[in-house]
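To start, the structure under review is shown below, and the notes come after it.
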Amino acid sequence: MDGNSFARCGRGHVHWGRYGAAGLLLYAEGHVLLQQRALWCNGGGTWGMFGGGRHSHEDAVTAALRETEEECSLDTSVVRIEGTVLEDHEGWGFTSVIGSTPKIVDVRGVSMETRAARWFPVPEVSDLRLFEPFGRAWPRVRELMTHVVLVVDAANVMGSRPDGWWRDRIGAAGRLRDSLAALDGLAIDPFDRCFPEIVLVVEGAAAPLTATPGVGVVAAPGSGDDMIVALVAAEPGVTHVVVTADRELRGRCEAVGATVHGPRWLTGQFLDDADDQSA
């Protein structure tokens, strides 16, 4: 509980949370879950996200989920974390953790800090009496309520890595799959850190490859390019990011609404993540 104190940021403001703070913005079925702050709290009676100060041993996601469980009845095990964004105050920061559930679940307040917990349709949030910091952040964070699917063209990415893939395609595909599974999020707009659903599309000799926790594997019965386009087109309400260097495939994916990055964008994040974990 070493985070339960005030801190002053580089801008001269005083904030709650010695090591920064974090909150959970949860959405489902076009609604967002908000907390009405108790009348005795700073900003009493206003609406905002569940959250509070981080402790020294916590990352932002852990802190946001813990604070939410302390303040309401939500079972956070049902939450899928979509991504995070940081509001930097020069030496102190608040991290908004964006999460989703497949459907609206019943939630009630359980702490003295919570006057009420309620789901609101997203268009109605701006009309509420909002907690001032949340009100400033709302125009940005409302755009983050999206599920991201990362679709990786295995053959193309393997071809960009001189690791012997031409001798052992399924082995190379397995190494790529395992590298993806080890990632602790990626830098994907509009998030600072995104935790996407990852799909690896394989074909030919790599087709027998199986999924692993965190990475789904789709074996294309024919053209891997056709399978990737079909996957993107099948989910028009989802944010798709495709990884390939194939120019024709890039154009086809962009035509059905996907963002496309080359293999170096992805493999560079493998290296960045490895550096973060060794630090």
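Note that these values count all heavy atoms, side chains included, but never hydrogens, waters or copies made by symmetry.
- Partners of H261 by side-chain contact (heavy atoms from CB on, under 4.5 Å), not counting sequence neighbours, listed by chain and number: V241, T259, W265.
- Residues I228 and V202 are members of separate hydrophobic clusters, defined by side-chain heavy-atom contacts under 4.5 angstrom among Ile, Leu, Val, Met, Phe, Trp and Tyr.
- At a threshold of 4.5 Å between side-chain heavy atoms, the hydrophobic network of Ile, Leu, Val, Met, Phe, Trp and Tyr places Y27 and F195 in two separate groups.
- Between D59 and R66, no side-chain nitrogen of the basic residue sits less than 4.0 Å from a carboxylate oxygen of the acidic one, so the salt-bridge criterion is not met.
- The list of side-chain hydrogen bond (donor to acceptor under 3.5 Å, both in side chains) pairs with a residue in residues 221-246, not counting sequence neighbours, reads T146-T239, D153-T244, D226-R252, E235-H240.
- Between L86 and F94 the shortest side-chain heavy-atom distance does not fall below 4.5 Å.
- Taking hydrophobic clusters as Ile, Leu, Val, Met, Phe, Trp and Tyr residues chained together by side-chain heavy-atom distances below 4.5 Å, V149 does not share a cluster with I81.
- The side-chain contact (heavy atoms from CB on, under 4.5 Å) search around A64 returns A22, L24, V97, not counting sequence neighbours.
- Other residues, nucleotides and ligands place no more than 12 heavy atoms under 6.0 Å from the CZ atom of R108.
- Looking at every heavy atom in both residues, G224 comes nearest to V201 through O-CG1, 4.0 Å.
- Remark: T212 OG1 to L200 CG distance equals 11.0 Å, nearest 0.5 Å.
- Atom CZ of R264 sits in a sparse spot, with 12 or fewer heavy atoms from other residues, nucleotides or ligands closer than 6.0 Å.
- Side-chain N or O atoms of R142 include none that pairs as donor or acceptor with a backbone N or O of P123 at under 3.5 Å.
- Hydrophobic clustering (side-chain heavy atoms under 4.5 Å, transitive across Ile, Leu, Val, Met, Phe, Trp, Tyr) keeps M145 apart from V238.
- Counting only heavy atoms from C-beta outward, the side chains of V199 and L150 never approach each other to under 4.5 Å.
- Partners of S179 under the side-chain contact (heavy atoms from CB on, under 4.5 Å) rule, at least two apart in sequence or in another chain, are R161, F270.
- With hydrogens and angles disregarded, a donor-acceptor distance shorter than 3.5 Å links the side chain of W119 to the backbone of V105.
- With hydrogens and angles disregarded, a donor-acceptor distance shorter than 3.5 Å links the side chain of R193 to the backbone of G185.
- With a 4.5 Å cut-off on side-chain heavy atoms, L25 and S96 do not count as touching.
- By the 6.0 Å contact criterion, CG on D75 is enclosed, its count of non-hydrogen atoms from other residues, nucleotides or ligands being greater than 12.
- Between L65 atom CG and E58 atom CD the span is 9.5 Å, to the nearest 0.5 Å.
- Within the 3.5 Å criterion, the main-chain N or O of A137 finds no donor-acceptor partner in the side chain of E87.
- Remark: F134 engages W138 in a ring-ring contact (aromatic ring centres under 6.0 Å, His included) (not counting sequence neighbours).
- Panel note: side chain E29, backbone K103; no donor-acceptor pair is recorded below 3.5 Å.
- In this structure, E82 and L144 have side chains that are not in contact, with every pair of non-hydrogen atoms separated by 4.5 Å or more.
- With contacts defined as side-chain heavy-atom distances shorter than 4.5 Å, the pair P196/L186 qualifies.
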For residues 33-51, dump all side-chain donor-acceptor pairs below 3.5 Å to protein atoms at least two apart in sequence or in another chain.
from : atom 1 : to   : atom 2 : distance (Å)
Q35  : NE2    : E71  : OE1    : 3.2
Q35  : NE2    : T114 : OG1    : 2.8
Q36  : NE2    : G45  : O      : 3.1
R37  : NE     : N42  : O      : 2.7
R37  : NH2    : N42  : O      : 3.1
W40  : NE1    : M112 : O      : 3.0
T46  : OG1    : G43  : O      : 2.5

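- You'll find the side chain of T84 stays beyond 4.5 Å of the side chain of F191, heavy atoms only.
- Summarising the geometry, atom CG belonging to D192 is positioned 8.0 Å from atom OG1 belonging to T95; distances are rounded to the nearest 0.5 Å.
- Counting heavy atoms from C-beta outward, V151 and V243 have side chains that stay 4.5 Å or more apart.
- Remark: R250 CZ is packed, more than 12 non-hydrogen atoms of other residues, nucleotides or ligands lying under 6.0 Å away.
- A distance-only check finds no donor-acceptor pair linking the side chain of D88 to the backbone of G93 [under 3.5 Å].
- Once rounded to the nearest 0.5 Å, the distance linking CZ of R177 with OG1 of T210 reads 5.0 Å.
- At least one side-chain heavy atom of L266 sits under 4.5 Å from a side-chain heavy atom of V152.
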